[in-house]
Amino acid sequence: MAKLKKPPRLVDAKAAEERLRTGLKKLKKDDLIDLLVKCVNEVPDVMPTLEEYVEISDPAYDELLQITRIAIDKATYFNPREINSNFDYDSLAYETVKKNFSKLIKLDGLSDVMELAVELLNAGSYQVSLSDEAEMLDELVACVSVATAAVKKAQLDPDVRRAWVAKLMKADRSGFIFPPGLKSLGK
């Protein structure tokens, strides 16, 4: 899978890292915390890396929705000049969407996840259809599958469920993305 390219490394990365370590060790704990928060504010992509090492409480529901929408935008973004090539995409953003769908469902946000899944499939299927080898397809299906599995377990009115499946199928611009169990939900 093609992931976003990292900027080129410094010629002497070890020396640069050592200079950074030396400088950071001189900071007081509160100053180091302020620096990390500033880094996250200026470069939001730092947050998922920090979350791997630091236990950070989940955001409030509305903030989680906003973070998920931003992750969908990042996951499905592509440069139009790279159509029909193996363009880079943000694999980590797809993982964030999948993780946040699960969190929202646990917070009784299934209706929001259903709406977001339609948005994701609309943008993601377009991304898939314009890429050369559809490398992000599995990640897209995995995200939407979180929603379809939750809908399958939920006690939704059959008309609501069928209407959602119809929206999903209409959102699929490629015409071939069917998360497991989708067709059976539409019955």
Side-chain angles (χ1 to χ4, degrees), residues 1-82 86-124 126-128 131 135-147 149-150:
M1 89 187 86
K3 295 183 182 178
L4 290 179
K5 295 176 186 168
K6 292 183 180 179
R9 300 277 299 171
L10 296 172
V11 175
D12 191 357
K14 288 188 181 208
E17 287 176 12
E18 190 55 41
R19 288 192 309 276
L20 178 61
R21 287 178 191 279
T22 301
L24 291 173
K25 286 178 183 177
K26 294 177 183 177
L27 293 176
K28 295 178 185 173
K29 183 178 178 180
D30 288 340
D31 293 336
L32 185 57
I33 291 169
D34 290 343
L35 176 62
L36 286 172
V37 170
K38 182 178 180 182
C39 285
V40 168
N41 287 334
E42 291 181 12
V43 186
D45 291 343
V46 171
M47 189 65 160
T49 302
L50 285 176
E51 287 176 328
E52 290 178 24
Y53 299 97
V54 179
E55 188 175 324
I56 300 172
S57 63
D58 287 335
Y61 187 86
D62 288 342
E63 185 181 354
L64 185 59
L65 269 177
Q66 182 181 11
I67 291 167
T68 306
R69 281 198 166 91
I70 291 168
I72 288 171
D73 288 344
K74 290 175 69 175
T76 58
Y77 171 80
F78 64 92
N79 184 335
R81 292 178 291 194
E82 295 179 347
N86 286 332
F87 50 75
D88 294 330
Y89 70 99
D90 194 337
S91 183
L92 183 58
Y94 271 109
E95 188 59 38
T96 299
V97 171
K98 183 179 172 187
K99 179 179 69 174
N100 287 356
F101 275 7
S102 294
K103 287 179 181 181
L104 288 164
I105 290 165
K106 287 178 185 170
L107 296 171
D108 294 323
L110 180 58
S111 61
D112 285 325
V113 170
M114 291 168 67
E115 177 187 320
L116 290 169
V118 171
E119 292 175 22
L120 174 65
L121 189 56
N122 183 45
Y126 186 58
Q127 180 189 45
V128 166
S131 71
E135 293 177 330
M136 67 293 298
L137 177 62
D138 290 341
E139 289 161 296
L140 173 61
V141 170
C143 290
V144 177
S145 293
V146 171

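- Listed by chain and residue number, Asn100 satisfy the side-chain hydrogen bond (donor to acceptor under 3.5 Å, both in side chains) test with Thr68 (two or more places apart in sequence, or in another chain).
- Distance alone, capped at 3.5 Å, places no donor-acceptor pair between the Glu135 side chain and the Tyr89 backbone.
- Taking CG of Asp90 as the start and CD of Glu139 as the end, the distance is 9.5 Å to the nearest 0.5 Å.
- A salt bridge (Lys or Arg N to Asp or Glu O under 4.0 Å) check over residues 94-118, counting only residues at least two apart or in different chains, returns the pairs Glu51-Lys99, Asp58-Lys103, Arg69-Glu115.
- Rounding to the nearest 0.5 Å gives a distance of 15.0 Å between NZ of Lys28 and CG of Leu35.
- Atom NZ of Lys25 is separated from atom CG of Leu20 by 10.5 Å, given to the nearest 0.5 angstrom.
- Scanning both residues, Cys39 and Val46, for their nearest heavy atoms gives O-CG2, 4.4 Å.
- For the pair Ile67/Met47, no side-chain contact is recorded, criterion being any heavy-atom separation below 4.5 Å from C-beta on.
- For the atom pair CG of Asn41 and CG of Asp34, the computed distance is 10.5 Å after rounding to the nearest 0.5 Å.
- For Tyr61, the ring pair (Phe, Tyr, Trp, His ring centres under 6.0 Å) criterion is met by no residue, not counting sequence neighbours.
- The line from CG of Asp73 to CG of Leu120 is 10.0 Å long, rounded to the nearest 0.5 Å.
- Nearest heavy-atom pair, Phe101 versus Val113, reported as atom, atom and distance to 0.1 Å: O-CG2, 3.7 Å.
- Between Ala93 and Ala71, the shortest heavy-atom distance links the atoms CB-O, 3.5 Å.
- Under the rule for a side chain to side chain contact (heavy atoms under 4.5 Å, CB included), the partners of Ile70 that lie at least two apart in sequence or sit in another chain are Gln66, Lys74.
- The two residues Ile72 and Leu116 come nearest to each other via the heavy atoms CD1-O, 3.9 Å.
- Scored by the side chain to side chain contact (heavy atoms under 4.5 Å, CB included) test, Glu42 finds Lys38 as partners (sequence neighbours excluded).
- From Leu140, atom CG reaches atom OG of Ser145 across 9.0 Å, with rounding to the nearest 0.5 Å.
- Ala150 is linked by a side chain to side chain contact (heavy atoms under 4.5 Å, CB included) to Ile105, Leu110, counting only residues two or more places apart in sequence or in another chain.
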